[in-house]
Amino acid sequence: MIEHLRPALVLLGSLTVLTGVAYPLAITGVAQALLPGAANGSLVEVDGKVVGSALIGQSFTAAKWFHGRPSATSAPDPNDATKTIDAPYNAANSSGSNLGPLSAKLIDRVKADAEMLKAEAGAATVPADAVTTSASGLDPHVSPAYARLQVKRIAAARHVTPDVVEALIAARVAGRDLGFLGEPRVNVLDLNLALARLDPS
Amino acid sequence: MTVFGWLQILFILALVLASVVPLGRHMARVFAGERTFLSPVTGPIERGLLAAAGRSSLGPQTWLGYTLAMLVFNAFGFAFLYAILRLQAVLPGNPRGLDGVDPLLAFNTAMSFVANTNWQAYGGETTMSHLSQMAGLTVQNFLSAATGMALAAVMIRGFANSGGDRVGNFWVDVTRVTLHVLLPASIVLALVFVALGIPQTLVASVDATTLEGAKQTIALGPVASQEAIKLLGTNGGGFFNANAAHPFENPTAITNALEIWALLAVSFALTHTFGRMVGDIRQGWAILAVMAIILGGCLVVAYSAEAGGNPLLTALGVDPSLGNLEGKEVRFGTSASALYAVATTATSTGSVDSMHESFMPLGGFMPLLLIKLGEIVPGGVGSGLFGILVIAILTVFIAGLMVGRTPEYLGKKIEAREMKLAMLAQLILPATILGFTAVAALLPSALASLANAGPHGLTELLYAYASATGNNGSAFAGLTANTPWFNTTLGIAMFLGRFGYIVPVMAIAGSLAAKTRGSASAGTFPTHGPLFVGLVTAVILILGGLQFFPAFALGPIVEHLLIPTGQTF
């Protein structure tokens, strides 16, 4: 046993320095020098102020904005630190709902959301992403179908014709990466920035 | 299921297959102590490190000496990581000002990372300082992976050597694997990840003012460097709580494809390393075929279960065409999510790009099944290969019984000693998983941690102990695992599943190495053909099925059968 002590300590120490200090710091240095935008979180600025990250969804609740998917993230309760409260799109504490497929909580939640959305859009069905929470709670995208489902509400809230809003979506639908990887999607923050530019007031 | 979904799956698996020969050949050189194309750069570092470790400790070791060296190295690694986690509040590199980690959580986490499990009872962004993530967790991501690969080298030498009791030197193997495989591959992959959008900064968070005027605090950090090794080393511990579902860990379908490639590449390539080192590459392809058959079968079941959507939601007017999207990201959809789920549990990675807990009953069954089959198709780096070789030994033994011949594999006679050790190793998995699950299912304090009721709750428990014992690290994550009971018992399960398994397997390797290698005769059962592939596949499925079927029946299977009744919990 004793003969193993020196190599164990020497190699643990030196490999810690190499893989735990030198490696991440070197990658950080190169990334910051060559790819500062991505390395710092793909932040989006408007008039010099950070309004979010292109990769991270944010909460939209007003009728005049495109809404993202439901989010299951939470935050510590300010009144009682041992409890948590719902805090959609909390980008400091990513999380999914972790409800099983036969969970009554899931079924009740989806039922309420689906009925509201169907009534609002006058549709018979809703796209699955509109009523399901994402894995991270920070999904920046919605399906093109869910974006289109919201056109009527947004057009009414902004007093524009639906085709103006339709055109914004059409210009921003991203197809599958390289033509076959992943799924078609629209970035919600990107859509809403376009809406904001449409009507600066 | 869509054509695009299958196209993407086949593309990613083709990438894995394409890397088997070059990567496998490279690793054979590394294990053999030969020069590699990286030697001009890594050679001086390697010589420096080994000289500092002491020339006298670098000679060939017996299996026992090798195993003791490995245990001492991992014990120090555990103690060092535990200390960092406990002391992170007073150490530098803590920009969020986080407290030290609680003793039981620190025990659980240190065991988890040393055992190549990366079970996470904590949320990364809310618990771990940058120093803990880098000098603590990332280091063990490298070293636990290097340990697994070194042990695989011992198992291969057990078959390749003919007589003699020496199986290599642990210090040399760990150093060479780190310097010639894991570190250079991580550097390249981490930089590619940054180019594709994964952050790499020492800043802890940025505050944004959203379009609705709210404040959004966005957690950041050195993500790309940790992401690369967590996948290449089949570790799986996420920088963020949501792991590779978090858009910063996995921003696009392209990063997702690369991540799946990275977590499968080394383990599949090791089959070729094995074939080369035993002098018959067909032997490696046969093992790879077994892995591919079981992985492919589970993938078909998982993808079709998820792509069909949840009938209970369809009844509420939800369009099923996008599949079951609860706990999945829009950019991945069901195809990329199902492949990730199957790949991460067929290896010992356990990183996730979707929440397995919210999969359909049969969709979530496949990850659970793959973990319980022992994570050998292809398994964790190194651990997968020596795991499936133990099954191969069992298979030739069973085949030998059927035809009444002395079983042999690759010219080595398989005798009572090897069989006893193989069974000992094999029984640790069901004993630990089912034993702990049974006790937890009777403890009110453990049941209070469940997030879901009914059969899904039992699956949550089974998954937790399977994941810990199998050193996977993925979870049915609704379970509140950061409790004294779970931190302690899951920590013990990880220890037993890793080291309780390794020691008998190393004894097999030592015992095989000492035997002389006979040459094949007309009566030798060929172990490179379809018959052997079919037999090994059957042994894996029958063994896993017999051990776990009753538990499966009470969990995912009964849950699946309940769908048409519309019953909820």
Side-chain angles (χ1 to χ4, degrees), chain A residues 3-4 6-8 10-12 14 16 19-21 24 27-28 31 35 38-42 50-53 55-56 58 91-96 98-104 107 110-111 114 118 125-129 131-132 134-136 138-141 143 177 180-183 185 192, chain B residues 4 7-8 49 52-54 57 69 72-73 76 126 134-135 138-139 142 171 190 194 197 199-201 208 210-211 216-220 222 225 240-242 245-247 251 253-254 310 313 316-319 322 325-331 333 354-355 357 360 451-452 456 477-478 568-569:
Chain A
E3 77 270 20
H4 296 314
R6 176 174 163 193
V10 166
L11 288 177
L12 181 63
S14 52
T16 295
T19 62
V21 182
I27 300 291
T28 308
L35 302 154
N40 291 313
S42 308
V50 176
V51 298
S53 161
L55 298 178
I56 302 291
Q58 48 185 253
N93 189 14
S94 56
S95 169
N98 286 311
L99 295 175
L102 306 191
S103 153
I107 306 300
V110 171
K111 191 173 183 198
K118 280 192 280 189
T125 60
V126 294
D129 61 314
V131 290
T132 51
S134 63
S136 62
L138 304 174
D139 197 337
H141 300 113
S143 67
D177 290 342
F180 65 98
L181 293 175
E183 299 291 331
R185 66 218 176 275
N192 285 333
Chain B
F4 284 110
L7 202 60
Q8 126 166 301
L49 291 186
S57 50
V72 170
F73 187 61
F76 278 123
T126 54
M134 296 196 302
T138 301
V139 171
F142 278 97
W171 311 113
V194 178
Q200 180 74 18
T201 169
T210 68
L211 295 186
Q216 187 184 36
T217 300
I218 302 174
L220 280 165
S225 56
F240 299 104
N241 186 42
H246 194 296
I254 299 177
N310 185 342
L313 301 193
L316 300 172
V318 177
D319 181 353
L322 292 174
L325 281 187
E326 181 72 16
K328 293 192 184 61
E329 304 279 301
V330 165
R331 63 192 179 283
S354 55
M355 293 301 146
E357 172 114 51
M360 295 308 295
N452 286 270
H456 206 76
T568 58
F569 294 91

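Throughout, protein chains are lettered first and strands after them, A, B, ... in sequence-line order, and every chain is numbered starting at 1. All heavy atoms count here, side chains included; hydrogens, waters and symmetry mates do not.
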Go through A/Ala31, A/Ala39, A/Ser134, A/Ala38 and name the one with the most non-hydrogen pairs under 4.5 angstrom from chain B. A/Ala39
Sort B/Ser57 into side chain, backbone, both or neither according to what part of it lies under 4.5 angstrom from a heavy atom of chain A. side chain
Pick one of side chain, backbone, both or neither for A/Ala92, based on which atoms fall under 4.5 Å of a heavy atom in chain B. both
B/Leu7 CG to A/Leu181 CG distance, which is reported to the nearest 0.5 Å: 8.5 Å
Segment of A/Val50 engaging chain B (4.5 angstrom heavy-atom cut-off): both
Distance in Å, A/His4 NE2 paired with B/Phe73 CZ, rounded so as to fall on 0.5 Å steps: 13.0 Å
Under 4.5 Å to a heavy atom of chain B? For A/Ser42 that would be side chain
Relative to chain A, which of B/Ala242, B/Pro222, B/Ala135 shows the most heavy atom pairs under 4.5 Å? B/Ala242
Greatest number of heavy atom pairs closer than 4.5 Å to chain A - which of B/Ala190, B/Ala219, B/Pro199: B/Pro199
Is there a donor-acceptor pair under 3.5 Å between the side chain of A/Thr19 and the backbone N or O of B/Phe142? no
B/Phe76 and A/Ala8: which non-hydrogen atoms are nearest, and at how many Å? CD1-CB, 3.6 Å
Taken to the nearest 0.5 Å, the spacing of B/Leu49 CG from A/Ser14 OG works out to 4.5 Å
Would you say the side-chain atoms of B/Gln200 pair up with the backbone N or O of A/Pro24, donor to acceptor, closer than 3.5 Å? yes
For the backbone of B/Val330 and the side chain of A/Asp139, can you confirm whether one donor and one acceptor N or O come within less than 3.5 Å of each other? yes
Quick one: does B/Leu313's side chain get under 4.5 Å of A/Thr132's, heavy atoms only? yes
So do the side chains of B/His246 and A/Ile56 get within less than 4.5 Å of each other, counting heavy atoms only? yes
Check: A/Pro101 main-chain N/O paired with B/Glu326 side-chain donor or acceptor under 3.5 Å: no
Heavy-atom pairs under 4.5 Å with chain B: which of A/Val21, A/Thr28, A/Thr125, A/Asn93 has the most? A/Thr28
Side-chain (A/Asn98) to main-chain (B/Glu357) donor-acceptor, under 3.5 angstrom: no
Looking at CG of A/Leu138 and CG of B/Asn241, how far apart are the two atoms once the value is rounded to the nearest 0.5 Å? 10.0 Å
Proximity breakdown for B/Ile254 and chain A, heavy-atom pairs closer than 4.5 Å: both
Reported OG-to-CD distance for the pair A/Ser136 and B/Glu329, which is rounded to 0.5 angstrom: 3.5 Å
With chain B as the partner, which of A/Gly41, A/Ser94, A/Ala104, A/Ser143 has the greatest number of non-hydrogen pairs under 4.5 Å? A/Ser94
Bottom line for B/Leu322: the part with an atom under 4.5 Å from chain A's heavy atoms is side chain
Chain A contact via B/Gln216 - side chain, backbone, both or neither, heavy atoms under 4.5 Å: side chain
Any donor and acceptor pair, going by atom type alone, linking the side chain of B/Gln8 with main-chain N or O of A/Gly182 inside 3.5 Å? yes
Which atom pair, heavy atoms only, marks the closest approach of B/Gly327 to A/Ala135? O-CB, 3.2 Å
Who among A/Lys118, A/Arg185, A/Gln58 has the most heavy-atom pairs with chain B under 4.5 Å? A/Gln58
Least distance between heavy atoms, A/Asp177 atom then B/Ala253 atom: OD2-N, 3.2 Å
Give me the atom names and distance for the closest heavy-atom approach of B/Thr568 to A/Ser103. CB-C, 4.4 Å
Indicate the atoms forming the closest heavy-atom contact of A/Leu55 with B/Pro247, along with that distance. O-CB, 2.9 Å
May I ask you to name which of B/Pro251, B/Ala451, B/Ala477 has the most heavy-atom pairs under 4.5 Å with chain A? B/Ala477
Write down the atom of A/Gly100, the atom of B/Asn452, and the distance for their closest heavy-atom approach. N-OD1, 2.9 Å
